[in-house]
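The basis for the numbers below is simple: all heavy atoms, side chains too, and nothing from hydrogens, waters or symmetry mates. So you know, we letter chains A, B, ... as the sequences are listed, proteins then strands, and number each from 1.
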Amino acid sequence: MNDIRNNKAPIYLDYQATTPTDPRVVDAMLPYFSDKFGNPHSRSHFYGWEAEDAVEKARGQIASLIGADSKEVIFTSGATESNNLAIKGVANFYKDKKNHIITCITEHKCVLDTCRHLEQDGFEVTYLHVGENGLIDLEQLKDAITEQTAIVSIMAVNNEIGVIQPIAEIGAICRERKVFFHTDAAQAAGKIPLDVNEMNIDLMSISGHKLYGPMGIGALYVRRRPRVRLVAMINGGGQERGMRSGTLPTPLCVGLGEACDICEAEMDTETERLRMLSDRFYDATMARLPDVYLNGDRNQRFPGNLNLSYAYVEGEGLMMGIKELAVSSGSACTSASLEPSYVLRALGVEEELAHTSLRIGIGRFTTEEDIDFAVDKIASEVERLRQMSPLWEMAQQGIDLKSIEWAEH
Amino acid sequence: MAYSDKLLDHYENPRNVGTFEKDDDGVGTGLVGAPACGDVMKLQIKVDAEGIIEDAKFKTFGCGSAIASSSLVTEWVKGKSVDEAAEIKNTQIAEELALPPVKIHCSVLAEDAIKAAVSDYKSKNGAGDKDKTEAAE
């Protein structure tokens, strides 16, 4: 990645948006585009059997990563589809008996939008709030569960701020109250230890391209004992135990399986390395710049995510000055709008600080050199922009910005 | 989003960044926008005895387009009379910097900043009373 320094390509620090497909994953996939091209559902000849074997091996690799049985894993197009299928599928299957769903206001848009649609269909949805650290309150969850609650959906790792929700505790509560527990683990699977049995998880969404696998593939874990039933969204040949019809894309399935296998094998050392890089970034930034704030809990977080507010410098303006780095201001999904991030607002981060945030995503191919370069680049630009920031000037003069009557526009 | 070379030049090499003593009689200060909206511009003009803007300075909290818009107008207002400066339209700024549609509000803010600075200058110097003073002489 040395070319980056020569201005050829920016340093990639946006691993929450997507991850590059690991070259080992690509190698595993390639034969299934050409030589081993069979339809895994063809039962009558060698090509089909070969592809089916590959798909089932991959299913086993995914199951192994999360402590599941391979029969409990179905392939989807990605975490958005998995989240839709889990929540709509369960809600619609059990709708004659139960009509209530619990989720959280900092969930990914695809969970929130799914819930909004279900509300239009007559379901009731409770949106749990989060504390300043981005974590839900377990007592609030307990209070929210009723006889009518069919499913609780809480993400494992937040895509914007990287905080890890207390998944095992949520699972225990849901199991005790006999409510299904779904977790969107798009940002968590392969990154933090997850065990569906130890954590009492009934459904789990996984995304291929967030764990160094290919785009366009994901998985949904659906528990068999006690059995979770869902209404399929895609009907057809009845593949994937009738929950998701359509011919499986063998190369993508193989890629997702291989990606899970690598994550499982390397998780301990990789977590250690990411923590070292993350601390290096954070400590160096804090030592150099005043008025920088970490969004989300300092400890209860995935180390590959640092969401920082550089007070008095607007995030979009800052990004224009750090073209050598590929980072995100707020979530990429919402940064097309100029509104500050709804996740940061949910934490109670004030709007002016929400406008100054950058999400630094650190991952498998990030080096110490990348970190040092990024810290220095961002800090230099923040220093430059603060010199032309009227807010910084006022703060240095001891003027309380809240004492000014701003003309909101 | 592709930005124009002129916009990038103003962002990377902003003109006239700084601050005048806002209590000086010849200085007009405009502070517009709000931190919660992600844009704050402070534009100051220094006006000579003839009513001509001899110097201008700005500080801006905002995106690259907001910084470039305010940098540009500090160049434009110099040498103009305060009334001429107040005539600058946001469309001229947007055109000069080729602002994309989502950034038009930055040029609006820059226009507001000039008007606010001119109005501050006039209120400090009793411009509204100028004719009366002359008549009395």
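With sequence neighbours excluded, the residues forming a side-chain hydrogen bond (donor to acceptor under 3.5 Å, both in side chains) with A/Asp297 are A/Asn133, listed by chain and number.
Residues B/Glu12 and A/Lys323 are paired through a salt bridge, judged by an N-O separation under 4.0 Å between the basic side chain and the carboxylate.
With a 4.5 angstrom heavy-atom cutoff, A/Glu350 does not touch chain B via any of its atoms. For chain B, the nearby part of A/Leu318 is the backbone; its heavy atoms alone come within less than 4.5 Å. Using a 4.5 Å cut-off between heavy atoms, B/Leu7 touches chain A through its side chain atoms alone.
When all heavy atoms of B/Ala36 and A/His355 are compared, the closest pair comes out as O-NE2, 2.8 Å. Heavy atoms only, all atoms of each residue included: B/Gly33 and A/Trp406 are closest at O-CE3, 3.3 Å. Residues A/Pro390 and B/Lys42 come closest through the heavy atom pair CB-CB, 4.0 Å. The minimum heavy-atom distance linking A/Tyr312 with B/Phe61 is given by the pair O-CD1, 3.2 Å.
For B/Glu75, the CD atom counts as densely surrounded, since its 6.0 Å shell holds more than 12 non-hydrogen atoms of other residues, nucleotides or ligands. Other residues, nucleotides and ligands place more than 12 heavy atoms under 6.0 Å from the CD atom of B/Glu54. Counted within 6.0 Å of NZ on B/Lys89, heavy atoms from surrounding residues, nucleotides or ligands total more than 12; the atom is thus considered enclosed.
Applying a 4.5 Å heavy-atom cutoff, the residues of residues 393-404 of chain A that approach chain B are A/Glu393, A/Met394.
Contacts with chain A were tallied for B/Ile67, B/Asp112, B/Thr19; B/Thr19 has the most, counting heavy-atom pairs under 4.5 Å. Listed options A/Met320, A/Gln387, A/Glu352 were ranked by heavy-atom pairs under 4.5 angstrom with chain B; first place goes to A/Met320. Among the candidates A/Met319, A/Met388, A/Glu405, the residue making the largest number of heavy-atom pairs closer than 4.5 Å to chain B is A/Met388.
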CA sep, side-chain torsions, deciding dist, call: A/Glu316, B/Lys103, side-chain contact (heavy atoms from CB on, under 4.5 Å): CA-CA 12 Å; A/Glu316 216 188 322; B/Lys103 294 297 179 187; 2.7 Å; yes

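In this structure the side chain of A/Glu314 never reaches within 4.5 angstrom of the side chain of B/Asp39, judged on heavy atoms.
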